[in-house]
> 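For reference, the structure I am asking about is given below.
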Amino acid sequence: MPAHRYTAALAQQIELAWQDRWEAEGTFHTPNPTGRLSAGFERVADRPKAFVMDMFPYPSGAGLHVGHPLGYLGTDVTSRFLRMDGHNVLHPMGYDAFGLPAEQYAVQTGQHPRVTTEANIAAIAAQLRRLGVDHDQRRTFATIDPGYYRWTQWIFTRLFEAWFDPEQDRARPIAELVAELDAGTRSPAPGTDDSGLPWAELDRVQRRRVVDAHRLAYLNQAPVNWCPGLGTVLSNEEVTADGRSERGNFPVFRRPLTQWMMRITAYAERLLTDLDRLDWSESLKLMQRNWIGRSTGARIRFASSGEPVEVFTTRPDTLFGATYLVLAPEHPLVGSLTAAAWPADVDPRWTGGAATPGEAVAAYQRQASRRSELDRQAEGREKTGVWLGTTAVNPVNGARLPVFIADYVLTGYGTGAIMAVPGEDTRDFEFAEAFGLPVVRTVQPPADFAGGAYTGPGSMINSSNEEISLDGLGKAEAIAAVTGWLVAHGHGEATTTYKLRDWLFSRQRYWGEPFPIVYDADDLPVAVPESMLPVLLPEVDDYSPTTFADDDATSAPEPPLSRATEWTTVTLDLGDGPQQYRRETNTMPNWAGSCWYHLRYLDPADDEQLVDPELERYWLGPRSAGDTGGVDLYVGGVEHAVLHLLYARFWHKVLFDLGYVSSEEPFRRLVNQGYISAFAYTDDRGFHVPAADVVERDGQYLYEGRPVTREYGKMGKSLKNVVTPDEMIEAYGVDTFRVYEMSTGPLDQSRPWETKAAVGSQRLLQRIWRVVVDEVTGAVRVADDVQPDDDTSRALNRAVDGVREGMGSLRFNVAIARITELTNHLTQAYAGERPVPRAVAEGLVLLVAPLAPHLAEELWSRLGHPESVAWASFPHAEQRWLVDDTVQIVVQVNGKVRAQVAVPADADAAALEAAARADERIAGLLDGATVRRVVAVPGRLVNFVL
RNA sequence: GCGGGAGUGGUGUAACGGCAGCCACGCCAGACUUAGGAUCUGGUGCCUUCGGGCGUGGGGGUUCGAGUCCCCCCUCCCGCACCA
């Protein structure tokens, strides 16, 4: 083996040395335009900025596998490329460190979660350093740092001190609401005042309650997802479709509790429409659209024995086909509408076997509250329900419709009540069949219609009264007509509803941000003033919330902080002298810290403000009219498609409304990196065997000589197919690992892992090394006095062009292919003792620098450059080398390639045709035939159509 | 069920509507080697009577020309899932 070959050992030596030097020299320190971190800004003042960001990791302590760094490497390559290409690049990294795993570990070991969390952070930081990523270390922080969560709490107080003005479609300070209420220019929003008295007649506490009900962060007594097994409540987003906790897979129950909520629903429309202005993948936008779930339709009121029943429907056109109403079991009108007794001729299917409607309703409600979603599914979604013993009146035709409660109607969506149209709705049809209810068709089904609910298009039938007829109309006209009639008669109005619910923000955990809230003597919540932030997490003996049996639906939350009694009661002077207050003992959910971390990177040590507005404008502000602003490239996993990304957008919009940021959106361009899967193998007993020890022979897979079956799946311990970055770095060095990982496909694409294929990347780096360094002597072997020949100039410039294209589109595989082509050209054209011209060798080193930065630094340094290649200029392709003087033109006859001819690159169509006809083979094929048409595309081809 | 995305050699992939398969893995052959799971060179879609023919999931269409655009179908992946 030659003494100076680029082996794994040499690569590792080079890599560690350069990582030390980068750190010592602050190579990746990014200057801000102003403030504490602005040293050196003159150097980059004329550059465009680029903010490149990863979804920061949760330091779980579980081992990394090769899939985890994929996104980090993608942003690193991009950020290095952009820096070389003349941008002022911000590429920071931090840690999302509050959360359940550390707390659970703490519960088991009794060790403070901060201790394990900080150890895990140190471990990840070391791994990131070994990957050679170019983060600005001065900007690193963790969400658990008091200097960080102080501002998380501060944002909470801003949300608490704000309300959403629907007329202006934006958040405003709560003081402005109070002023308008006092002035009488505004009335409390519907549902915020249950006293029924005018504002002026309310006392202090009543007024506060009305105001509190307007806040963006508000307390609400409502059914929440209570998870006894975890001892905490969960947001809707944290509950799976089958009614279990996403973490831990425990049953979840609906239970009314007073909890903090975030009024994200106020922003539903803006969150939806602003998606159109973002550079995100369509699939991701679609997931958000589905989650927000806008439907347009109508609210319709049906007169009843008590208050009118208001339903929401997207099909008001089918109103004449409504044959019954259904309320959700938890609907507030259920009690008042329930009749005292069944009529004599009651259908036995409608009573649930109970003696009175009251008993039937009580039994059904109890059953519905206890049953988890999972149980409902297990029953095959059979429609169940009971009749309230009462009827309501269809406003359009006076029909008396029986009113049921049934769990197929959900409390939280629309009005929690529906008009059932079994003729045109599958679910209603199923219920009608089970309960023997009539079916009235109002849409003409096609002749071959098999029966059941018809949900397709068609003309309206059976839909007229004395004043209005929908018959013969299509769906859209019918909706417009009937809605107009309903509005005119005061029976309803057109409306829009969303699936999106307000965000449940309280958690009964220890390891989270404490709320900056205290309660006064009247039990009213008061924001802790800015000067008293952060509210530090107190030390406790026991980190666990009280948990209960998985299925104990009647249990109630007991947060760990409630046991810190000397902390929960506090005497503060909030302006009217020292008073005793009670602290909020819930903590914030895991998502809080990740809602705004993009802002804190701009200067994590700023203890004066959340973010300096000038820095925010520079790094995140809009670039043109109509631009949302935001991070220029945000890369992370698709698993955060709705939760984190929706919450972060919501907070950012609130901060925008309140004037703290100039950007309307946090993340202008977002890319989900693919995930890495790998083969796994099972033996004849079906057990997984270590994938690393399986060999392939003649198409058979063998483990210890015995055949095994190949499977394919996500990398993980259970499949015994984990490959770690450490193993790869040990075997090849990190540059090879980087190049291999980036060469397997576009960043957003999932891909299989194949360790042995990494040798291809190692060979490439070895060949690049040999272009510059003599393997035997170690001497630099480039030629200073030789001009490249034309072929080499063409190869170089084509490579530059292709690499730029690949870098810009995050298709690093394409960039690497072009680098490989250039390298292969050079190793052949300059084989033996002929050194490569310096300009070409340097060009190659610059091209590969974002991908294999340590190798590039070493070669760049050996080529005589004292300063880091990270700040060298990325090459530009010279246009003249991208076009040949003569080009090979394809000659087709009837679309089939029959010959190639060489013509000058600028030959026009006539010259092309002449050259083609001059070709012997083509002349032979055209001889005696009639050419009906000639297609000649200069620079491309000639096609003779016979 | 509804919505979305994707199907190209043995494998990962590449191809402004213009020569399908760049680049790499693997495989085959060779070179250098005491040796090679190192390195280097060449070959490698399928069929072939060696003329050529056929090939981008299947079927149609638009076009001088389709992997690429349109329609139908199949398969796989992802999201949502009683949302009125």
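Each chain gets a letter, A, B and so on, in the order the sequences are listed, and its residues count up from 1.
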> Filter on ring pair (Phe, Tyr, Trp, His ring centres under 6.0 Å), then keep only pairs touching residues 799-827 of chain A, sequence neighbours left out; what's left?
none

> For A:R917, enumerate each residue passing the salt bridge (charged side-chain N to carboxylate O under 4.0 Å, His left out) test, keeping only those at least two apart in sequence or located in another chain.
A:E913

> Let's test your reading of the pairing rules: Watson-Crick or G-U wobble, both distances under 3.5 Å, then write RNA chain B as a dot-bracket string with ( ), [ ], | and dots.
(((((((..(((.....[....)))((((((.......))))))(((....)))..(((((..]....))))))))))))....

> What nitrogen or oxygen pairs link the protein and nucleotides 77-80 of chain B at under 3.5 Å?
none

> Does any pair with a residue in residues 805-822 of chain A pass salt bridge (Lys or Arg N to Asp or Glu O under 4.0 Å), and if so which ones, sequence neighbours excluded?
A:E805-A:R811, A:R818-A:E821

> Identify each atom pair where a protein N or O and an N or O of nucleotides 67-69 of chain B are less than 3.5 Å apart, giving names and distance.
none

> Tell me, please, which residues at least two apart from A:Q288 pass side chain to side chain contact (heavy atoms under 4.5 Å, CB included).
A:L275, A:W280, A:L645, A:L646, A:R649

> Give the B/S/- string for nucleotides 17-22 of chain B, one per nucleotide from 5' to 3', where a protein heavy atom under 4.0 Å of the base yields B, of only the sugar-phosphate yields S, and otherwise -.
-BB--B

> Per the salt bridge (Lys or Arg N to Asp or Glu O under 4.0 Å) rule, what does the pair list look like for residues 637-646 of chain A, sequence neighbours excluded?
none

> For each nucleotide in nucleotides 26-52 of chain B, reading 5' to 3', give B when a protein heavy atom comes within less than 4.0 Å of its base, S when such contact involves only the sugar-phosphate, and - otherwise.
S-----------SSS-S---------S

> List for me each residue that meets side chain to side chain contact (heavy atoms under 4.5 Å, CB included) alongside A:K475, sequence neighbours excluded, and say none if there are none.
A:R315, A:D317, A:I479

> Please identify each residue that fulfils ring pair (Phe, Tyr, Trp, His ring centres under 6.0 Å) with A:Y454, with sequence neighbours left out.
A:F449

